[in-house]
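Below: the structure, in structure tokens.
Worth saying up front: this structure is predicted, and the values here are computed from it rather than measured. Residue numbers start from 1 in every chain, and the chains themselves are labelled A, B, ... in the order their sequence lines are given, proteins ahead of strands.
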Amino acid sequence: MTNSNLKILKDLNPSQKQAVLNLSGPSLIIAGAGAGKTKTLTYKVINLIANKIEPSSIVVLTFTNKAALEMKDRIQKLLKTKNLPFIGTFHGFALKILRVEAKNLGYKKNFSIFDEGESITLVKKAINNLNLANFRNSANSVYKKISFYKNKGVDNENYLPASLKDIYLEYEKLLLEHNAFDFDNLILKTLEILKKYPEILKKYQKKYSYFLIDEFQDTNSPQYQLIKLLASKNKNITVVGDDWQSIYGFRSADYRILLNFQKDWPQAKIFFLEQNYRSTQNILDASYSVISKNIFRTDKKLFTTNGKGELIKVLKFKDEREEALWIKEQIIKKLKSGKSLNDFAILFRTNVQSRVFEDLLISEKIPYQLIGAFKFYQRKEIQDIVSYLRYIYNPNDKISLERIINIPKRKIGESTIKILKDNDWNFEVLKNKPVFKQLENFNFLIRKLESASRELPMSSFLTFIIDSLNYKNYLDITTEEGLERWQNIKELIGIAYNFDRFSPKEGFENFLESISLLQEADNFDKNANKLTLMTLHSAKGLEFPIIFIPGVEESLIPHEKSLYNQENLEEERRLFYVGMTRAKQELYLTYAEERFLNGEYRHNEPSRFLDEIDENLKENFDITEVELDYEQKIEYF
DNA sequence: AGAAGATAGCTTTTT
DNA sequence: GCTATCTTCT
């Protein structure tokens, strides 16, 4: 063991240290909320490298790109080396293999990755091809169902409900025709290749000998199958997770994979990380008294040296407006006593709940950030330009072609597009029509852009496209909307600058890859002096000194769609647990007697989860009888 | 090609 | 009851 390595170990508690020192063989690290999961994983990677394990043979898998970036940062700082392991998402890792091996399944190497929107368009096409009139308006839900089944990891389409099977098969056929993968197929097709070609499997088993997986409780079956296969030779697989925090069952994540880990890997060593560094003892005890009502779980008891802290505050309001007003007042009061806006987060079960807070915060001019609201890459103007890139890169991508052929307007109308669609986009069929001139011009433009793609660095190439299209003019920046869209385009160019260090060809490929996989610009900025609003789901992995959870009511949390099913109910409880354990110092749980929801006033009972908190850990307040004085002018901002 | 009319869906969300 | 999306009308 090296000296630098010893120095690092001093930062760890005994159980973390044991987990980090255990280098080879299967290992399961069950870690509670705030117990230093990611830190332990990061240090284990560093320890592996310190023990002369070749970085390129190590694969670290995280739940999001953002988590991957953060870990990369941490490792780079501690190691001061450029030679890093693969650190990324399952999808990113699968893509790395597919770039080399997709040809085995009949894909060309310039394949595309279809995002959700493009995939839905393709499902629509499948439905039209099959003439299934009663599915005409349900491409969205059909796509979601297909995706759910794919993620279950059932590799036989006969398991699909009969009504979906035909659409599924047609959709898969279309994907191949478009030379494209949807998100799910990145994983599934990689798995298929490794199963089908033993020599390819061997190659990657040799190449990658250490696997470490974060947030293992939210892994789904195909993802696990993929890593299980690759790790089966060397058996160096480390997983870190907390079954109590598994909250993505609705998209086929399965925490039982974590609970069954020892069955699959009988030699596995188990480590429990139970010391919490985040919250007060009261918050830990209160959240434990809730989560302990779940039957399907491991048992562990978290502790902290942080002291008892304040009691959990449970408050009752007349309606959601009063609830929001009170929370806002409370925040302002605390700001005056020295807290700052980024000490607070308001966490809710459903996105619609953010509305009442947004209205209030806007009128009071309180700066806030709403996480997961508008998605940069789903904006029309971004998709327009990205579709040009995709079509230039992969001419089989007719979904992108259809999107751009008349943007900006070039007099290629609906009827023309219909004819082209019916003829596999063969422009020649319109040879004798006046519109053919327009089509030829379009082809000429694409050829011009394509040759530019081979010569220019990424940001210049992008600027060249935008100029050639006269896109700024098309957006009409004299309108407020147009100006905002133009600013988004400039942001896209800004992102492209990061790819200028590559050759034109590589830069283009990497840029496309990164905007396909990095859907959400990570818009949460913990340093911004803003109040944070987000769903309980997006709060996973984060922490704040003071947490408000509004709407702690039956039919919100637990959500009404999960009330009558034990499995779903337990997931709701875990979700609530995740919310509670985000708090470092203070936790406010609020509910209203009446709430405007789905167009009607509804009366909800207080959530059963409130009853599950031990009486001696909470204080109840009834604010329905108190006259609130909201008129006082706030001069704070 | 854009506006008006019709209809579905309405929990959570990353890739 | 609101909104996003698709269809049909002008």
Side-chain angles (χ1 to χ4, degrees), chain A residues 61-68 88-95 98 113-121 124 127-128 134-144 147-148 150-151 181-188 190 215 218-220 222-223 246-253 347-355 371-373 375 377-378 380 406-417 513-522 534-541 551 555-563 565 568-569 571-572 574-576 578-579 596-602:
Chain A
L61 298 168
T62 59
F63 190 65
T64 62
N65 285 306
K66 199 181 157 201
T89 60
F90 280 96
H91 292 80
F93 178 62
L95 179 60
L98 282 180
I113 302 160
F114 277 2
D115 65 21
E116 191 170 298
E118 291 164 307
S119 302
I120 289 170
T121 308
K124 212 174 289 171
I127 290 169
N128 283 338
N134 44 339
F135 281 98
R136 261 175 64 198
N137 287 325
S138 39
N140 200 308
S141 66
V142 168
Y143 166 76
K144 287 198 170 121
S147 175
F148 184 80
K150 281 187 178 184
N151 284 317
F181 293 88
D182 65 9
F183 286 135
D184 302 327
N185 277 5
L186 290 177
I187 309 284
L188 292 175
T190 306
E215 304 280 14
D218 285 318
T219 302
N220 65 35
Q223 293 170 334
S246 162
I247 55 174
Y248 284 97
F250 68 92
R251 57 176 215 228
S252 299
L347 310 179
F348 29 74
R349 177 64 178 86
T350 66
N351 279 309
V352 285
Q353 287 173 262
S354 71
R355 274 294 275 284
I371 310 304
K375 296 191 170 145
Y377 289 108
Q378 281 175 17
K380 185 190 167 303
N406 200 31
I407 289 181
K409 306 267 154 58
R410 46 177 78 90
K411 299 211 168 72
I412 299 174
E414 236 169 82
S415 53
T416 305
I417 291 173
E513 199 171 295
S514 105
I515 54 182
S516 300
L517 291 184
L518 213 147
Q519 281 286 296
E520 177 96 32
D522 51 329
M534 63 178 133
T535 62
L536 289 161
H537 281 90
S538 345
K540 188 170 84 162
S555 88
L556 267 177
I557 178 135
H559 195 272
E560 58 186 344
K561 299 212 168 157
S562 304
L563 285 175
N565 170 306
N568 292 348
L569 199 63
E571 180 151 316
E572 296 285 320
R574 291 193 293 270
L575 184 57
F576 189 58
V578 166
F596 194 73
L597 216 61
N598 286 349
E600 56 181 1
Y601 277 101
R602 306 224 342 213

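Distances shown here put a side-chain N or O of Asn65(A) below 4.0 Å from the OP1 or OP2 atom of dT15(B). OP1 or OP2 of dT13(B) has at least one side-chain nitrogen or oxygen of Ser538(A) nearer than 4.0 Å. Note on Arg355(A): every side-chain N or O is 4.0 Å or more away from OP1 and OP2 of dG1(C). OP1 or OP2 of dT13(B) sits under 4.0 Å from a side-chain N or O of Thr535(A).
Mapping Glu560(A) and Lys411(A) onto DNA chain B by nearest heavy atom places Lys411(A) at the nucleotide closer to the 5' end. Each of Glu571(A) and Gly92(A) was matched to the nucleotide of DNA chain B holding its nearest heavy atom; the match closer to the 5' end belongs to Glu571(A).
Counting only heavy atoms from C-beta on, Lys144(A) has its side chain closest to dT13(B) among dT12(B), dG2(B), dT13(B). Checking dT11(B), dG9(B), dT15(B) against the side-chain heavy atoms of Ser141(A) singles out dG9(B) as nearest. For Asn406(A), taking side-chain heavy atoms from C-beta onward, the closest of the listed nucleotides dA1(B), dT15(B), dC6(C) is dA1(B). Considering only side-chain atoms of Lys409(A), the nucleotide from dG2(B), dT11(B), dT12(B) that sits closest is dG2(B). Side-chain atoms of Arg251(A) lie closest to dT14(B) of the nucleotides dT11(B), dG1(C), dT14(B). For Asn351(A), whose side chain is taken as the heavy atoms from C-beta onward, the closest listed nucleotide among dT12(B), dC10(B), dT15(B) is dT12(B). The side chain of Lys124(A) lies closest to dC6(C) when the candidates are dT12(B), dC6(C), dT15(B).
Here Tyr248(A) does not pack flat against the base of dT14(B), since the 5.5 angstrom centre distance and 30 degree tilt limits are not both met. Here His91(A) does not count as stacked on dT15(B), because the ring centres are not under 5.5 angstrom apart with planes under 30°.
Judged by distance alone, the side chain of Asp182(A) and the main-chain N or O of Asn185(A) form a donor-acceptor pair under 3.5 Å.
The distance from atom CD of Gln353(A) to atom P of dC10(B) is 16 Å, rounded to the nearest whole Å. To the nearest angstrom, C1' of dT13(B) lies 8 Å from CD of Glu116(A). One interatomic measurement links the two molecules: OH of Tyr143(A) to C1' of dT14(B), which rounds to 10 Å at whole-angstrom precision. Distance, Asp218(A) CG to dT15(B) P: 13 Å, rounded to whole Å. Atom-to-atom, NZ of Lys561(A) to P of dT12(B) comes out at 10 Å; the value is rounded to the nearest Å. For the pair Asn128(A) CG and dT7(C) C1', the computed distance is 13 Å after rounding to whole Å. In this structure, Arg602(A) places its CZ atom 13 Å from C1' of dG1(C), rounding to the nearest Å. Taking atom NZ on Lys150(A) and atom C1' on dT15(B), their separation rounds to 13 Å, with Å as the unit.
Heavy-atom neighbours of Lys411(A) NZ from other residues, nucleotides or ligands within 6.0 Å: at or below the threshold of 12.
Separation of atoms OG1 (Thr89(A)) and CG (Asn65(A)) is listed at 5.0 Å; rounding is to 0.5 Å.
Judged by the 6.0 Å distance and 45° axis criteria, Lys540(A) is positioned over the aromatic ring of Phe63(A).
Side chains of Lys561(A) and Glu572(A) form no contact here, defined as non-hydrogen atoms less than 4.5 Å apart.
Between Phe250(A) and His559(A), the gap from one ring centroid to the other reaches at least 6.0 Å.
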